[in-house]
There are 2 protein chains.
Amino acid sequence: MATVDIETLRTQVLDAAESLFYGQGLQAVGMDAIRSAAGVSLKRLYQLFPSKEDLVEAYLSRRDARWREELARYVDGHGSPRERLLAVFDWLHQWFSEEGFRGCAFINSFGELGAVSPGITQAARAHKEAFHSYLAGLVAAAGEPARLTEQLALLAEGAITTAAISGSPEPARHARATAEHLLSASPAATGAR
Amino acid sequence: MATVDIETLRTQVLDAAESLFYGQGLQAVGMDAIRSAAGVSLKRLYQLFPSKEDLVEAYLSRRDARWREELARYVDGHGSPRERLLAVFDWLHQWFSEEGFRGCAFINSFGELGAVSPGITQAARAHKEAFHSYLAGLVAAAGEPARLTEQLALLAEGAITTAAISGSPEPARHARATAEHLLSASPAATGAR
DNA sequence: CTCAAGGGAGAACGTTCGTTCTCCACTCTG
DNA sequence: CAGAGTGGAGAACGAACGTTCTCCCTTGAG
């Protein structure tokens, strides 16, 4: 208890790991690089995360929670159900514009190790399903047909990878416009704006 | 000339490399595994492709060409411009249903090494741009507004990654339905069907 | 049959990386 | 002050991998 708080250290390590893993890829980053970036000893690092795989899983799990939290927080700042639905795409645009944006951590990790690590496939699937559920909630709240959920999910997913590869945040705008199109064409939205 | 045709060998090696790289990821596959699968000696392998990077580039380049060829061939079997546009999504469904489907080789490679290898980023970007152009041609031929190109591209892209991660070909169906929606809502399509 | 050239198999080399181990400085207790 | 225990720095170890090298067998020419 006189020692540094273990949770603080975990956070420190996860911060370093997240920045490196996301920025360079899972296999491109060695435990040594994480150790240096986190400023802890190798001994400590392995005490906190017994293996690289554990660290990767913790990274993905925390990133999933944080990503969805931030999205939800942004969306919550909007009033009408219709606006909340479209806010998802505004948030994406903001995300795509961040320095160092490199696509979806889960898609990237899946592409890199999904064939080889069931844990990563699992994490990616869970992340996408959670996003899908969240979207479904927004769609229902807006009184839109359930079918819209899948449509918006495809648009968002497409925008993420297109933005990553092209290096431009514009796909979010196009996805938003398309979403508006799908929305205003649907019965419940008539009358809005 | 008495020796085996060099082109045949290249094809043999590329076939093996494609199957392994696509199925397991770039870094998960060693040159030795490719050598065994291709049934050539290491000496030969390095004679044909001086480095792994060269082999990866050749793999991506051939896959790009082949992928677009197959898509175009499929689409060409359809009559009306509108049908041709929708056929893209049918082809995707067929692709997603293939044994061993694991998403887009370019997105996967980009996620794995894009941060570290400009060549791969370049290849991914070129592939996506080529697909976009192809789509633009179909859209123009159907007399649809140019804006539809981006919309369909987002849907296709989203369907690819969603299918990869979920392991189901269904996203192609949803994307197709959404595309139909966007089509029939646009002016030029009235009267179809 | 002899010998030189070419190619195949895989040993070898140098590096990187995940993980563990060693050594030493510091600190807290008595 | 003496001594035990904790933690940090980084050396060490074993495996994997990209790439090169060696050795031997085959083959074709004379």
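Note that this is a predicted model, so its numbers are computed, not measured. Chain identifiers are assigned alphabetically (A, B, ...) following the order of the sequence lines, protein sequences preceding nucleic acid strands; residue numbering begins at 1 within each chain.
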* Asked: Looking only at side chains, do Glu150(B) and His132(B) share a donor and an acceptor under 3.5 Å apart?
  ->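 Short answer, yes.
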* **His93(A) and Arg173(A): side chain donor to acceptor below 3.5 Å** =>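 Judged by distance alone, the side chains do pair up.
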* To do: Just grab all the ring pair (Phe, Tyr, Trp, His ring centres under 6.0 Å) pairs involving residues 12-31 of chain B, residues at least two apart or on different chains.
  =>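 Pairs touching residues 12-31 of chain B that pass the test: Phe21(B)-Tyr59(B).
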* Set of residues satisfying side-chain contact (heavy atoms from CB on, under 4.5 Å) with respect to Lys128(A), sequence neighbours excluded ->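 Per chain and number, Lys128(A) pairs via side-chain contact (heavy atoms from CB on, under 4.5 Å) with Cys104(A), Ile107(A), Glu157(A), Ile165(B).
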* Residues that Ser51(B) engages under side-chain contact (heavy atoms from CB on, under 4.5 Å), provided they are two or more places apart ->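 By the side-chain contact (heavy atoms from CB on, under 4.5 Å) rule, Ser51(B) matches Glu53(B), Asp54(B).
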* Checking only heavy atoms, does the side chain of Lys43(A) share a donor-acceptor pair with the base of dG8(D) at less than 3.5 Å? ->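 For Lys43(A), whose side chain was compared with the base of dG8(D), there is a donor-acceptor pair (under 3.5 Å).
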Nearest whole angstrom, please: distance from the [atom2] of [N] to the [atom1] of [X].
X         : N       : atom1 : atom2 : answer
Arg35(B)  : dT19(D) : CZ    : P     : 15 Å
Glu53(A)  : dT19(C) : CD    : P     : 9 Å
Leu113(A) : dG18(C) : CG    : P     : 12 Å
Leu45(A)  : dG7(D)  : CG    : C1'   : 14 Å
Lys52(A)  : dT20(C) : NZ    : P     : 15 Å
Ile34(A)  : dG18(C) : CD1   : P     : 8 Å
Gln47(B)  : dA9(C)  : CD    : P     : 14 Å
Gln24(A)  : dC17(C) : CD    : P     : 11 Å

What nucleotide among [options] has an atom nearest to a side-chain atom of [X]?
X        : options                   : result
Met31(B) : dG18(C), dG18(D), dG7(C)  : dG18(D)
Leu42(B) : dG18(C), dG10(C), dG10(D) : dG10(C)
Arg44(A) : dG8(D), dT19(C), dT19(D)  : dG8(D)
Tyr46(B) : dT19(C), dG18(D), dG7(D)  : dG18(D)

* Asked: Where the side chain of Glu112(B) meets the backbone of Gln27(B), is there a donor-acceptor pair that is under 3.5 Å apart?
  ->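 Such a contact is found between Glu112(B) side chain and Gln27(B) backbone.
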* To do: Say whether Phe101(A) and Phe110(B) are linked into one hydrophobic cluster, either directly or through other cluster members, by side-chain heavy-atom distances under 4.5 angstrom.
  =>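 Cluster IDs for Phe101(A) and Phe110(B) differ.
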* Asked: Does the pair Trp67(A) and Phe106(A) meet the rule for a ring-ring contact (aromatic ring centres under 6.0 Å, His included), with working shown?
  -> CA-CA 11 Å; Trp67(A) 188 89; Phe106(A) 297 84; 8.0 Å; no
* To do: Output the residues of residues 115-123 of chain A in contact with DNA chain C, where contact means a heavy atom of the residue under 4.0 Å from an atom of the strand; sort by number or write none.
  =>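 Residues of residues 115-123 of chain A under 4.0 Å from DNA chain C: none.
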* **Of residues 15-23 of chain B, the positions that come close to DNA chain C - non-hydrogen atoms, cut-off under 4.0 Å** =>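 Of all residues in residues 15-23 of chain B, none places a heavy atom under 4.0 Å from DNA chain C.
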* Most 5' of Gly30(A) and Ser41(B) on DNA chain C, judged by nearest nucleotide ->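 Taking each residue's closest nucleotide, the earlier one in sequence belongs to Ser41(B).
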* Which pairs with one or both residues in residues 11-22 of chain A pass salt bridge (Lys or Arg N to Asp or Glu O under 4.0 Å), sequence neighbours excluded? ->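 Checked against salt bridge (Lys or Arg N to Asp or Glu O under 4.0 Å) - neighbours excluded - the pairs reaching residues 11-22 of chain A are Asp15(A)-Arg62(A), Glu18(A)-Arg62(A), Glu18(A)-Arg63(A), Glu18(A)-Arg66(A).
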